[in-house]
Structure formats: C-alpha cells, structure tokens
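Note that the structure is a prediction, hence the values are computed from the model and not measured.
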Amino acid sequence: MTKLSVLDLCPINEGSTASDALANSADLALHAEQWGYERFWLAEHHNMPGIGSAATAVVIGHVAAATSRIRVGAGGVMLPNHAPLVIAEQFGTLDALFPGRIDLGLGRAPGTDQNTMRALRRSFDQQVDRFPDDVLELQRYLGGDANALPRGNDIFATPGAGSQVPLWILGSSLYGAQLAARLGLPYAFASHFAPQMLDQAIAVYRSQFQPSAQLDKPYVMLGYNICGSDTDEAARYLASSGAQMLRNLRLGRPTKLPPPVDHFEASLQPAERAMLDATRACSAIGSKDTMRSAMHAFIERTEADELMLAAHIYDHDARLRSYEMAAEVCGVE
C-alpha cells in the first residue's frame, strides 16, 4: 500500500500571524499522526510572506515536540544556502531530541530570489556546483562513531556524528534523479509544482539506482496536491486560495495565503490559466469520489512508494478535512 505523508509550508494566512501558522502546523501534524500518515515535512523558503518555515530545523523541533510517532523532517533544506557542518549539527541535535523520527531532504535550489540569496551570505553560482560534494560531506558528518574523539584536523558534528539521520534527494529534473540513484538514496520528486519531467525522472532513478548502506532498492516519493470537500465545486472554491498565491508568486509579488474567491480561474488570462494547469497537473481537487479516482489513477500510473500531499487551503479546519479525506480514500491505517 502506498504510504501518505504531509508537505507543509506553514502557511501564513492573510489576517493572521506566524504564531497562528506555527500553531496550525503542529495541530495538522498531530491529526496526521492520528490518521496514519508516515511523515510530516516542512520546506525551506525565504523572503516569502506566506511561508512560515524559513527556519526549518526550528519548526521541525516544534512539530516533533507536539507529536509522538510520526516522522518529521525537511522537504527540504536547500543545501547551497548552508555549510554542511551546520546542517549536520542542527539535524543531529533534532535526532538526539527525537531519536529515530527525523528525516533530512536536500535540495540544490536556493528556495528564494537572487537578492535574498545574497543576504543568506551564499554564492549560488559557486555552491550549486558543489551540491553532490556537500551531500557527501554532510553524510560523513552524520555517519561514523558517535563516541570517537577528534584527532588532528578531524571535524566532528556534535551532536550529529553517528546519528545516521536518513538523507533524501529532492528534485524536479533528471539531475536529482541521477544523483539519488548514484548515491543510493531515496528520491522525492516535486511533482506538486513541477510535474513536467516526472515520468522521465522516475525511470532514470529506478534504472540507475545503486544500493547503498542506507537503501537497498529504489524508493520514490512524489509530491501531490489535494483539496477535498463535499462537492467538486466547493473544493474548487477552497483551492482558489492556493491558485491565487501561486499566480502572485509567479508574477513576482509573493503574498500571504489569501481567502478563497468564487470563480477565480474564470478571471485569469489564458497564459495564467495555462501556468496553473501545468503546475497542478498532479492534483486531486474535488469530492471524496473525485479524490479517490484521481489519487488511485496517479498511484497506478507512477507506482509511487509514497505520496507527499500538499494542501494550500485558507481555512484550517478545511485543510484538516482534506488530509483526512485523502487518508480515507487511500485506505491509510
């Protein structure tokens, strides 16, 4: 049975605060744990007023403390923004606090704009080419013997050494698929917003996979959008919040998550409508029957080991209901 997980951007709604968003994320994680979800991931984005998970490791600790069983992690940390040693120490600390429950998904995009990237004190042009080496460096810090002492010029992550926090490679192109396959790591594809190369990336990853100490066979997790309600029309209305936010982001004016509006898509220009259709190709928006049909067809086509579900919904109770419906239609226990 395909596992289900949650991708949360800790959405900050219009008229609310980051404190509200953080409380809602913890509440969603607690419900997801009760509904049988496998993991709860938070994503690193910067300079976006509608996303509250920029300090990703801090929010992971907040969510993990509110739950007891569900795995909690990063989907992902944008490694070019950070020194691998710092990430090893952060996630080693999280693993020490919540043993066996922490995941670390790694991406090579900056997760922001060029000006903000410079404010992060990182040079993306140089760092992105180092991504494979940075992944290996991070892997070394998280491996080894937790009881060993540094000698000479040795560098140890403390906490971190010996934690063996599972690493994932994130991607939306063939690059990530090839790297994950070569390193023998699980692969998470961002089909919830960039589905264009989904089938090719899955095929490349599975055909080129080389077993590793962490993983003996390919493991594919796919991003997928959901928005459920009693009727298809009601679900489309709720989904207009995420559609507005995405349109505004693509126009270069990121906003908080706006409330839903009636007939939003009818107001769009053809190019805007085409952009939304392309980015939401991997989605289930509608009643329970509509969600069941769409999700089962997607799982059958891709043979995904796991779906990571994203729901950009303004009303928190409606967002909870969408995740509950997804668990019901996929038979999660």
Side-chain angles (χ1 to χ4, degrees), residues 6-26 28-29 40-63 72-82 87 90 104-124 127-128 170-172 188 190-195 223-227 238-261 264 272 275-276 278-280 283 308-316 319:
V6 175
L7 176 62
D8 183 37
L9 301 185
C10 195
I12 304 174
N13 294 346
E14 288 184 6
S16 71
T17 66
S19 295
D20 298 325
L22 290 164
N24 286 341
S25 289
L28 173 58
F40 189 100
W41 277 9
L42 295 130
E44 177 189 349
H45 291 283
H46 301 279
N47 199 32
M48 295 187 184
I51 297 177
S53 52
T56 313
V58 177
V59 185
I60 289 170
H62 166 67
V63 170
V72 188
V77 161
M78 301 298 104
L79 197 51
N81 294 338
H82 309 279
I87 298 302
Q90 290 177 359
L104 177 49
L106 302 170
R108 70 181 187 124
T112 188
D113 57 84
Q114 295 289 325
N115 287 335
T116 307
M117 182 186 68
R118 285 190 285 271
L120 290 166
R121 306 293 197 273
R122 305 292 280 174
S123 172
F124 183 66
Q127 294 299 326
V128 71
L170 280 57
S172 58
S191 37
H192 60 295
F193 73 87
Y224 195 81
N225 299 297
I226 59 166
C227 185
L238 293 174
S240 67
S241 292
Q244 292 176 75
M245 191 174 181
L246 179 59
R247 191 271 305 269
N248 293 338
L249 177 62
R250 293 298 174 88
L251 292 176
R253 49 173 192 260
T255 62
K256 292 186 175 183
L257 184 66
V261 296
F264 170 70
E272 294 174 331
M275 179 273 294
L276 282 177
T279 56
R280 297 193 306 182
S283 302
M308 178 146 281
L309 306 182
H312 307 293
I313 300 171
Y314 183 84
D315 181 79
H316 181 60
R319 187 161 71 125

Specify the closest pair of heavy atoms between Ala278 and Pro195, including all atoms of both residues, with the distance to one decimal.
O-CG, 3.1 Å
Roughly how far apart are Met245 CE and Met48 CE, rounded to 0.5 Å?
8.0 Å
Among residues at least two apart in sequence or on other chains, which ones pass side-chain contact (heavy atoms from CB on, under 4.5 Å) with His316?
Asn24, Asp27, Leu28, Arg319, Leu320
Listed by chain and number, what are the side chain to side chain donor-acceptor pair (under 3.5 Å) partners of Ser25, not counting sequence neighbours?
Asp8
Glu44 and its side-chain contact (heavy atoms from CB on, under 4.5 Å) partner, picked from Leu9, Val77, Ile51:
Val77
Contact check, side chains of Cys10 and Leu22, non-hydrogen atoms, under 4.5 Å
yes
Looking at Pro254 and Pro49, what are the two nearest heavy atoms and their distance?
O-CG, 3.5 Å
My understanding is that only residues two or more places apart in sequence, or in another chain, count here; which of them pass side-chain contact (heavy atoms from CB on, under 4.5 Å) with Ala239?
Cys227, Arg280, Ile285
Pairwise side-chain hydrogen bond (donor to acceptor under 3.5 Å, both in side chains) hits with a residue in residues 241-250, at least two apart
Asn248-Thr255
Nearest-0.5 Å distance that lies between atom OG1 in Thr17 and atom CD1 in Ile12:
8.0 Å
With distance as the sole test, does Ser240 use its side chain to make a donor-acceptor pair with the main-chain N or O of Pro260 at under 3.5 Å?
no
Verdict with supporting geometry, Leu249 and Phe193, side chain to side chain contact (heavy atoms under 4.5 Å, CB included)
CA-CA 12 Å; Leu249 177 62; Phe193 73 87; over 6 Å; no
Please name all residues satisfying side-chain contact (heavy atoms from CB on, under 4.5 Å) with Leu170, sequence neighbours left out, ordered by chain then number.
Trp41, Trp168, Ala188
Tell me, which pairs form a salt bridge (Lys or Arg N to Asp or Glu O under 4.0 Å) where one or both residues lie in residues 46-59, sequence neighbours left out?
none
Donor-acceptor under 3.5 Å (Ser53 side chain, Thr56 main chain)
no
Would you name the heavy atoms of Lys256 and Ser16 that are closest together and state the gap between them?
NZ-O, 3.0 Å
To the nearest 0.5 Å, what is the distance between NE2 on His46 and CE on Met78?
8.5 Å
Going by side chain to side chain donor-acceptor pair (under 3.5 Å), name the residues that satisfy it together with Ser283, two or more places apart in sequence or in a different chain.
Asn225
Smallest separation among heavy atoms of Leu257 and Pro11, with atom names:
CD2-CB, 4.1 Å
Considering only heavy atoms from C-beta outward, does the side chain of Asn13 approach that of Asp20 to under 4.5 Å?
no
Measuring from atom CD1 of Ile87 to atom CG of Leu79, what distance do you get when rounded to the nearest 0.5 angstrom?
6.5 Å
Mind checking what makes side-chain contact (heavy atoms from CB on, under 4.5 Å) contact with Ala26, not counting sequence neighbours?
His62, Ala66
